[in-house]
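Everything below concerns the one structure shown next.
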2 protein chains.
Amino acid sequence: MTDEEFLATYDPHAYAPVAVTVDVVALTIRDGRLCALLVERGESPYAGWRALPGGFVREAETLDSAALRELAEETALRPGEDALDQVHLEQLRTYGDPGRDPRMRVVSVAYLAFAPSLPDPRAGGDASSAFWVPVDEIGELAFDHTAVLADGLDRARSKLEYTPLATAFLSAEFTISELRAVYAAVWGEDLHAGNFHRKVLSVPGFVESTGATAARGGERGGPKARLYRAGDARLLHPALLRPTREEDVR
Amino acid sequence: MTDEEFLATYDPHAYAPVAVTVDVVALTIRDGRLCALLVERGESPYAGWRALPGGFVREAETLDSAALRELAEETALRPGEDALDQVHLEQLRTYGDPGRDPRMRVVSVAYLAFAPSLPDPRAGGDASSAFWVPVDEIGELAFDHTAVLADGLDRARSKLEYTPLATAFLSAEFTISELRAVYAAVWGEDLHAGNFHRKVLSVPGFVESTGATAARGGERGGPKARLYRAGDARLLHPALLRPTREEDVR
DNA sequence: CTCAGTTGTTCTCAGTTCGAGTAATTCTTT
DNA sequence: AAAGAATTACTCGAACTGAGAACAACTGAG
């Protein structure tokens with residue numbers, strides 16, 4: 001930026017005011033289905049519509065901590081609790097079209113959160129209006145949040161391919177089948193159990209064995225599975241690629 | 001966002017003012033080296049330092065058009081010119097730590113641009129202070145731009161793997177060798193010519209033949225190469241993966 | 001308790017892709 | 001004319017892939 005331009009706005013009243021907010025696409029898996037956290041708006045504009053949780057960035061906080069704070073407020077979890085510390089949070093994209101909020105210019109930094117199954121905000125007794133909704137049952141959202149959610153889902157689906165983030169949907173110890181269920185829920189397609197097993201164990205640093213086995217077998221039978229925890233890899237080599245679909249190539 | 005919070009700032013004077021800017025990591029390849037566009041700052045803070053080109057987002061423009069405008073201003077290219085229309089522009093990440101600019105809270109939306117070799121801004125006779133610098137000769141930059149540039153390079157290097165964006169560094173018609181030179185420059189390592197040739201032609205929609213051949217052979221000999229143009233693929237299946245490096249797996 | 005069905009895990013097998021090397025051909029420079 | 005370089009094609013063994021099968025361990029129903 002040139003300084004002439006900067007000085008023109010050094011007096012904050014000289015330019016049209018801009019508000020900076022964060023919105024969070026928080027994803028979790030409940031009952032084998034990929035769900036997003038939504039809130040219901042009480043006031044105009046878009047009163048009665050559903051929207052992504054979010055809010056204003058405060059004066060002394062970073063964008064990351066603003067997103068984490070908003071997530072904590074809506075899920076009624078307090079910072080420092082285990083469940084919240086396990087959440088993976090990353091910046092998604094920034095949305096700033098003029099007119100995306102009818103009241104004033106709002107630039108919104110969207111975040112993507114992957115969480116292990118969290119308690120239902122309603123069950124906490126808190127007066128929160130947030131709830132988890134399966135992503136395939138979400139209709140139109142307020143503002144441009146429909147597009148933000150779609151971008152978040154795209155990002156989540158492709159991040160599972162080349163990073164170990166699927167483990168962020170699970171608790172500290174998990175079985176290979178639970179991991180496969182995460183991939184199936186996020187990608188929306190079943191995976192070959194044998195091949196998945198082989199590939200996960202062949203990727204260095206993806207998972208490491210705890211030596212223990214699960215307390216019981218599957219819901220409807222089967223042997224007790226071995227337990228694993230997340231390894232130290234930050235990238236998967238080789239990647240777990242989705243079955244190639246013609247339509248995304250174009 | 002809750003409306004109580006929104007209303008608290010509906011009066012723009014109630015909260016601390018925030019400025020929204022765009023910064024552009026513009027990359028091109030000159031003489032076989034990956035270069036970034038930098039400007040030299042004339043005024044405090046960081047007077048005399050180099051920085052990424054950027055500036056304020058105006059009242060009625062989108063973030064994308066603000067980035068394109070800043071790029072056009074610094075490269076002295078006018079919108080509508082072919083060279084500028086060929087530029088690939090995508091959002092990179094947003095940086096908003098309090099204190100990243102000592103004067104006030106500045107939230108900066110960074111963009112990544114891939115450009116075919118553009119004319120030297122200085123040669124245009126314009127009084128612009130922008131110039132292309134090979135990325136391995138760039139030292140410390142102003143503000144947090146060193147980190148922004150590093151993020152942009154990371155993104156560029158990985159996008160080459162699974163998207164056809166390498167063609168954005170080339171003019172409309174190119175040879176496979178020129179394409180290989182792009183990969184070599186961005187990744188900083190040589191590629192096996194035969195294998196690269198085979199892989200590029202085997203990816204559906206990556207390149208399509210024009211039927212013509214180059215006017216002359218390589219700089220220091222060799223046959224005339226066949227010419228190709230970019231195909232209609234938006235993703236590469238299978239991807240062109242970099243040689244696996246241990247250090248990025250961690 | 002028994003049995004049928006489900007699940008975790010390991011193998012096999014054929015097709016594909018990969019990296020590395022070789023080679024023929026064509027062109028530029030000296 | 002000779003030397004060197006670049007484009008393109010081909011070969012080979014290693015590695016990886018998807019699909020299927022095998023087998024043992026376990027569950028819930030009857």
Side-chain angles (χ1 to χ4, degrees), chain A residues 32 161-162 170 173-185 187 189-204 206-228 235-246 249, chain B residues 32 161-162 170 173-185 187 189-204 206-228 235-246 249:
Chain A
E161 292 191 321
Y162 55 92
L170 298 171
E173 299 202 345
F174 52 85
T175 69
I176 302 288
S177 289
E178 287 167 345
L179 188 62
R180 176 162 48 85
V182 170
Y183 278 87
W187 286 349
E189 43 194 326
D190 289 334
L191 285 87
H192 185 292
N195 291 341
F196 183 83
H197 208 97
R198 177 182 52 182
K199 286 183 76 163
V200 167
L201 294 184
S202 78
V203 176
F206 190 3
V207 298
E208 55 189 34
S209 175
T210 68
T213 61
R216 47 157 295 159
E219 304 263 323
R220 294 178 301 224
K224 293 168 181 164
R226 287 199 264 263
L227 288 172
Y228 297 84
L235 289 173
L236 304 184
H237 276 288
L240 276 87
L241 298 175
R242 277 177 281 187
T244 311
R245 295 176 315 291
E246 262 308 313
V249 172
Chain B
E161 292 190 321
Y162 54 93
L170 298 170
E173 299 200 344
F174 51 85
T175 67
I176 302 288
S177 289
E178 286 167 345
L179 188 61
R180 177 162 46 84
V182 169
Y183 278 87
W187 286 349
E189 43 194 323
D190 288 334
L191 286 86
H192 186 290
N195 292 339
F196 183 83
H197 207 96
R198 177 182 52 176
K199 286 183 76 165
V200 168
L201 295 183
S202 77
V203 176
F206 190 4
V207 299
E208 55 188 33
S209 174
T210 67
T213 61
R216 47 157 296 158
E219 303 263 323
R220 293 177 303 221
K224 292 168 180 164
R226 290 199 263 262
L227 287 172
Y228 297 83
L235 290 173
L236 303 184
H237 276 287
L240 276 88
L241 298 175
R242 277 176 280 186
T244 311
R245 296 176 314 291
E246 262 309 311
V249 172

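Since we're looking at a predicted model, the values are computed, not measured. Naming convention: chains lettered A, B, ... in sequence-line order (proteins, then strands); numbering from 1 in each chain.
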Seminar exercise, completed: Taken in chain and number order and not counting sequence neighbours, the residues that satisfy side chain to side chain donor-acceptor pair (under 3.5 Å) with A/Glu161 are A/Arg242
Seminar exercise, completed: Heavy atoms of A/Val182 and A/Leu170 approach each other most closely as CG2-CD2, 3.7 Å
For this session: Grab the two heavy atoms, one from B/Leu179 and one from B/Val207, that are nearest each other, plus how far apart they are.
Result: CD2-CG1, 4.3 Å
Exercise. Going through the checks in order, is the side chain to side chain contact (heavy atoms under 4.5 Å, CB included) test met by B/Val203 and B/Leu240?
Worked result: CA-CA 9 Å; B/Val203 176; B/Leu240 276 88; 4.3 Å; yes
For this session: Let me know, please, whether A/Lys224 or A/Arg198 comes out on the 5' side of the other along DNA chain D by nearest nucleotide.
Result: A/Arg198
Problem set entry | Contacts of B/Glu208 that satisfy salt bridge (charged side-chain N to carboxylate O under 4.0 Å, His left out) - sequence neighbours left out | B/Arg229
Seminar exercise, completed: On DNA chain C, more 5' by nearest nucleotide between A/Asn195 and A/Pro223 is A/Pro223
Problem set entry | Partners passing side chain to side chain donor-acceptor pair (under 3.5 Å) against A/Glu189 (at least two apart in sequence or in another chain) | none
Exercise. Considering all heavy atoms of both residues, which atom of B/Thr175 and which atom of B/Ala214 are nearest to each other, and what is their separation?
Worked result: CG2-CB, 4.3 Å
Seminar exercise, completed: So the contacted stretch of DNA chain C, first to last nucleotide with an atom under 4.0 Å from a non-hydrogen atom of chain B, runs from C/dC18 to C/dT29
Problem set entry | A/Glu173 to A/Glu178 - nearest heavy-atom pair and separation | O-OE1, 4.3 Å
Exercise. Quick one, which residues of residues 206-214 of chain A touch DNA chain D with a heavy atom under 4.0 Å?
Worked result: none
For this session: Write down the partner of C/dT2 under the Watson-Crick or G-U wobble criteria, each distance required to be under 3.5 Å.
Result: D/dA29
Problem set entry | B/Leu241 versus B/Trp187, closest heavy-atom pair with distance | C-CH2, 4.2 Å
For this session: Shoot me the first and last contacting nucleotide of DNA chain D against chain A, ordered 5' to 3', at under 4.0 angstrom to non-hydrogen atoms.
Result: D/dT17 to D/dG28
For this session: Looking only at non-hydrogen atoms, find the nearest pair between B/Thr210 and B/Tyr228 and report the distance.
Result: CG2-C, 3.9 Å
For this session: To the nearest 0.5 angstrom, please state how far the CZ atom of A/Phe196 sits from the CG atom of A/Leu201.
Result: 9.5 Å
Exercise. What nucleic acid atoms does A/His192 come within less than 4.0 Å of, heavy atoms only: base, sugar-phosphate, or nothing?
Worked result: base
For this session: Give A/Arg226 one of three labels, base, sugar-phosphate or nothing, depending on what nucleic acid heavy atoms sit under 4.0 Å from its own.
Result: sugar-phosphate
